[in-house]
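Input: one structure, supplied below.
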Amino acid sequence: MNAAEMQVFVDATTHYFTQSTGLEAEVHAPYLSDTEVPDIFDYTGVISVVGEFRGCIYFSAPRAMMRHLLIEMGEQNHSDDYLLDMIGEIANTLSGNARRYFGPEFIISVPVSLKGELTDIRPPSDLRPYVIPVRWKSYRSVLVICVERG
């Protein structure tokens with residue numbers, strides 16, 4: 001996946017924060033991860049890709065950040081179910097933007113929301129993930145892109 005294609009996911013992520021809270025998220029320089037599954041926080045929204053492309057994309061954030069997002073959105077319920085719904089909504093935003101940009105050849109799974117470690121979903125072992133740090137307020141999160149053309 002080239003830089004312009006990865007920018008689709010970066011723009012979707014920053015757009016989510018701006019639209020949901022009115023506050024912009026900062027995107028820092030991406031890097032290639034040395035680990036198979038880099039930087040997992042408390043909540044992760046994952047989409048898997050097959051077809052012309054293969055791999056996965058996920059957004060992972062700490063619990064405190066997710067709770068703060070709910071507060072900014074005026075939500076009073078900060079239960080795990082709501083936090084999982086919100087991380088799933090972020091993954092769904094990534095998915096929707098990807099479909100618009102890449103078209104029907106970009107076959108995307110239904111977004112999966114996870115709490116804790118990623119034990120069920122692993123990026124293809126022969127790909128090195130790109131990690132894109134995303135900071136919103138004082139919180140650090142990551143957008144991870146591990147996709148290649150099939």
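Numbers for residues simply follow the sequence, beginning at 1.
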- Query: How many angstroms lie between CZ in F59 and CD1 in I132, if you round to the nearest 0.5 Å?
  - Reply: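 So the gap between those two atoms works out to 11.0 Å.
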- Query: If you take all heavy atoms of G51 and I107, which pair is closest and at what distance?
  - Reply: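 Of all heavy-atom pairs spanning G51 and I107, the closest is CA-CD1, 4.1 Å.
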- Task: Carefully, step by step, assess Y16 and M86 under the rule side-chain contact (heavy atoms from CB on, under 4.5 Å).
- Result: CA-CA 11 Å; Y16 179 86; M86 177 171 282; 3.7 Å; yes
- Query: D81 and S79: side-chain hydrogen bond (donor to acceptor under 3.5 Å, both in side chains), yes or no, with the steps?
  - Reply: CA-CA 5 Å; D81 288 342; S79 69; 4.9 Å; no
- Query: Which heavy atom of S113 sits nearest a heavy atom of G88, and at what distance?
  - Reply: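 S113 and G88 have their closest heavy atoms at OG-CA, 3.1 Å.
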- Query: Closest approach of L127 and C146, non-hydrogen atoms and distance?
  - Reply: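 Taking every non-hydrogen atom into account, CB-SG, 3.5 Å.
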- Item | Transitive ILVMFWY side-chain link V46 to V142, under 4.5 Å |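 Cluster IDs for V46 and V142 match.
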- Sub-4.5 Å side-chain heavy-atom contact between H15 and T93: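 The answer is no; the side chains never approach within 4.5 Å.
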- Should the pair F9 and F102 be assigned to parallel (<30°), tilted (30 to 60°) or perpendicular (>60°) ring geometry?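 Ring orientation, 0 to 90° scale: parallel.
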- Non-hydrogen atoms of P133 and P30 that approach each other most closely: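 Shortest heavy-atom contact: CD-CA, 4.4 Å.
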- Message: Looking at T44 and L114, would you say the former's side chain and the latter's main chain have a donor-acceptor pair under 3.5 Å?
- Response: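 Here the side-chain-to-backbone pair does not exist.
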- Item | Close side-chain approach of Y43 to L84, heavy-atom, < 4.5 Å |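 The answer is yes, as the side chains (C-beta and beyond) meet within the 4.5 Å cut-off.
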- Message: On a heavy-atom basis, which atom in H78 and which in L83 lie closest, and how many Å separate them?
- Response: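 So the minimum-distance heavy-atom pair works out to O-CD1, 3.7 Å.
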- Query: Can you name the one residue among T18, T14, T21, T13 that meets side chain to side chain contact (heavy atoms under 4.5 Å, CB included) with W136?
  - Reply: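 Between W136 and the candidates, side chain to side chain contact (heavy atoms under 4.5 Å, CB included) is satisfied uniquely by T21.
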- Task: To the nearest 0.5 angstrom, please state how far the OH atom of Y31 sits from the CZ atom of R128.
- Result: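 These two atoms lie 11.5 Å from each other.
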- Query: Is the closest side-chain heavy-atom distance between R63 and D80 below 4.5 Å?
  - Reply: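 With C-beta onward as the side chain, the pair touches.
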- Item | N97 CG to I108 CD1 distance, which is reported to the nearest 0.5 Å |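 Atom-to-atom, N97:CG and I108:CD1 are 9.5 Å apart.
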- Query: Going only through I, L, V, M, F, W and Y residues with side-chain contacts under 4.5 Å, is there a path from I47 to F41?
  - Reply: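 No, I47 and F41 fall in different hydrophobic clusters.
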- CD (E24) with more than 12 external heavy atoms under 6.0 Å: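 No - once you tally the heavy atoms of other residues, nucleotides and ligands closer than 6.0 Å, there are 12 at most.
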- Message: Out of the candidates I40, L94, L143, only one should pair with Y58 under the side chain to side chain contact (heavy atoms under 4.5 Å, CB included) rule; please name it.
- Response: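 Checked I40, L94, L143 against Y58; only one passes side chain to side chain contact (heavy atoms under 4.5 Å, CB included): I40.
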- How about R67 and Y139: do any of their side-chain heavy atoms sit closer than 4.5 Å?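 No, every pair of side-chain atoms sits at 4.5 Å or beyond.
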- Would you say the side chain of L69 lies within less than 4.5 Å of the side chain of E75, judging by non-hydrogen atoms?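 No, too far: nothing below the 4.5 Å cut-off.
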- Taking R135 for its side chain and S138 for its backbone only, find out whether a donor-acceptor pair lies under 3.5 Å.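 Yes: the side chain of R135 pairs with the backbone of S138.
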- Atom pair CD/CD1 of Q76 and I71 - distance to nearest 0.5 Å: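 The CD1 atom of I71 is 8.5 Å from CD of Q76, to the nearest 0.5 Å.
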- Atom pair CE (M1) and CD1 (I57), whose distance is rounded to the nearest 0.5 Å: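 Nearest 0.5 Å value for the CE-CD1 distance: 5.5 Å.
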- Query: Minimum heavy-atom separation for V131 to V144, with atom names?
  - Reply: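 For V131 versus V144, the nearest heavy atoms are CG2-CG2, 4.4 Å.
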- Can you tell me how far the CD1 atom of I90 sits from the CE atom of M66, to the nearest 0.5 Å?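 Spacing of CD1 (I90) from CE (M66) equals 4.5 Å.
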- Message: Membership question, hydrophobic clusters at under 4.5 Å side-chain separation (ILVMFWY): are L23 and I87 in the same one?
- Response: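 I87 clusters together with L23.
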- Query: So, do L32 and Y130 sit near enough that their side-chain heavy atoms are less than 4.5 Å apart?
  - Reply: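 Yes, their side chains come closer than 4.5 Å.
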